[in-house]
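Single-structure report; data block below.
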Amino acid sequence: MIDISTGRDVERLIDRAIAQPDRLSDIAFCAPFIDERMMNRIARLAIVTREASCGFRIVTSSAAAAALVARLPGPPAFWRKTVVANDRVHAKAYVVTPRGRGHARAIVTSANLTWGGIAGNFELGVSATSATPQGRHVVRAVREFIGRVAA
């Protein structure tokens, strides 16, 4: 399924992932800007996904990566594959993949991980689930894009 999405959809995606990381096998985000409000939520997501043996990777700016790693427990090297700095990335994309049955979901949007992007601004994006062949193609392409910019 492919549909229109907003910043609130990204917020709901993050909240569900934090609440039930054991139901997910992998999460990949790409967002150059993360503000203080969202930084703590993303740090929480990184911690709970690690505890649940769920893969998590976020590609963001150097400044946001440094601020995020500073909020995470343990040495920065421990989080090197989880928090990836890439200052050339301007894309905002979010992918979650469930364990077992269920449909993966990708959102490509104008919404950064900021209060404005999630709630304050009028953001627009496209959401796809792996429930249809077209949706599977979009989810796979977004996941591959995030993998490339994280390399």
Side-chain angles (χ1 to χ4, degrees), residues 1-50 52 54-69 71-72 79 81-99 101-151:
M1 181 171 130
I2 299 174
D3 204 352
I4 297 298
S5 84
T6 67
R8 291 282 186 196
D9 294 316
V10 173
E11 181 179 40
R12 283 190 287 275
L13 187 96
I14 293 167
D15 289 344
R16 283 188 205 120
I18 290 171
Q20 299 178 322
D22 56 310
R23 292 188 175 187
L24 302 172
S25 67
D26 188 65
I27 301 169
F29 289 174
C30 181
F33 304 108
I34 309 172
D35 69 7
E36 287 298 315
R37 286 182 173 182
M38 292 302 296
M39 191 70 67
N40 290 330
R41 287 168 89 178
I42 300 304
R44 179 77 183 128
L45 179 60
I47 293 165
V48 300
T49 53
R50 181 149 298 192
C54 170
F56 175 64
R57 178 178 284 177
I58 182 165
V59 182
T60 189
S61 67
S62 295
L68 181 56
V69 168
R71 286 173 168 75
L72 296 171
W79 298 99
K81 291 185 179 181
T82 301
V83 182
V84 178
N86 185 332
D87 288 320
R88 294 185 56 217
V89 170
H90 189 67
K92 281 71 85 177
Y94 310 90
V95 179
V96 295
T97 305
R99 293 184 200 270
R101 295 188 172 258
H103 298 291
R105 183 171 186 201
I107 299 174
V108 178
T109 179
S110 59
N112 278 296
L113 291 174
T114 62
W115 180 85
I118 297 300
N121 300 334
F122 292 107
E123 304 286 351
L124 181 64
V126 175
S127 174
T129 67
S130 60
T132 65
Q134 298 85 355
R136 278 191 295 280
H137 173 75
V138 171
V139 169
R140 184 174 40 254
V142 173
R143 186 181 299 118
E144 289 171 0
F145 172 81
I146 295 173
R148 281 193 311 274
V149 299

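Residues passing the ring pair (Phe, Tyr, Trp, His ring centres under 6.0 Å) test with Phe29, sequence neighbours excluded: Phe56, Tyr94. For Arg71, the side-chain hydrogen bond (donor to acceptor under 3.5 Å, both in side chains) test picks out Glu36, Asn40, with sequence neighbours left out. Residues forming a side-chain hydrogen bond (donor to acceptor under 3.5 Å, both in side chains) with Asp26 (at least two apart in sequence, or on another chain): none. By the salt bridge (charged side-chain N to carboxylate O under 4.0 Å, His left out) test, Arg12 pairs with Asp9, sequence neighbours left out. The side-chain hydrogen bond (donor to acceptor under 3.5 Å, both in side chains) check on Arg8 picks up Glu11, with sequence neighbours excluded.
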Validation: residues 82-93 side-chain donor-acceptor distances under 3.5 Å, sequence neighbours left out:
unit_1	atom_1	unit_2	atom_2	d
Thr82	OG1	Arg50	NH2	3.0
Asn86	OD1	Arg88	N	2.9
Asn86	ND2	Val149	O	2.9
Asp87	OD1	Ser62	N	2.8
Asp87	OD1	Ser62	OG	3.3
Asp87	OD2	Ser62	OG	2.6
His90	NE2	Lys92	NZ	3.2
Lys92	NZ	His90	O	2.9

Show me the donor-acceptor pairs, under 3.5 Å and distance only, between side chains in residues 120-132 and residues at least two apart or in other chains.
unit_1	atom_1	unit_2	atom_2	d
Asn121	ND2	Gly116	O	3.4
Asn121	ND2	Glu123	OE2	3.4
Glu123	OE1	Ser110	OG	2.4
Ser127	OG	Arg105	NE	2.9
Ser127	OG	Arg105	NH2	3.1
Thr129	OG1	Met1	N	3.3
Ser130	OG	Ala104	N	2.8
Thr132	OG1	Met1	N	3.1
Thr132	OG1	Gly135	N	3.0

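Residue pairs meeting the ring pair (Phe, Tyr, Trp, His ring centres under 6.0 Å) criterion with at least one partner in residues 6-27, sequence neighbours excluded, do not occur; the list is empty. Each side-chain hydrogen bond (donor to acceptor under 3.5 Å, both in side chains) pair with one or both residues in residues 137-148, not counting sequence neighbours, appears once here: Thr97-Arg143.
In this structure, Leu72 and Ala46 approach most closely via the heavy-atom pair CD2-CB, 3.8 Å. In terms of heavy-atom proximity, Val48 sits nearest to Ala17 at CG2-O, 4.5 Å.
Remark: Asp22 does not engage Arg99 in a salt bridge, criterion side-chain N to carboxylate O under 4.0 Å.
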Side chain to side chain contact (heavy atoms under 4.5 Å, CB included) between Thr49 and Leu24, worked out: CA-CA 8 Å; Thr49 53; Leu24 302 172; over 6 Å; no
Stepwise side chain to side chain contact (heavy atoms under 4.5 Å, CB included) check, Met38 with Ile14: CA-CA 10 Å; Met38 292 302 296; Ile14 293 167; 3.7 Å; yes
Verdict with reasoning, Ile58 to Ile34, per side chain to side chain contact (heavy atoms under 4.5 Å, CB included): CA-CA 11 Å; Ile58 182 165; Ile34 309 172; 3.8 Å; yes
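Atom CG in Leu13 sits 5.0 Å away from atom CD1 in Ile107 (nearest 0.5 Å). One finds the CZ atom of Arg37 at 14.0 Å from the CG atom of Leu113 (value rounded to the nearest 0.5 Å).
Looking only at side-chain heavy atoms (C-beta outward), Asn112 and Pro32 come within less than 4.5 Å of each other.
Side chain of Arg23 to backbone of Pro98: no donor-acceptor contact under 3.5 angstrom is found.
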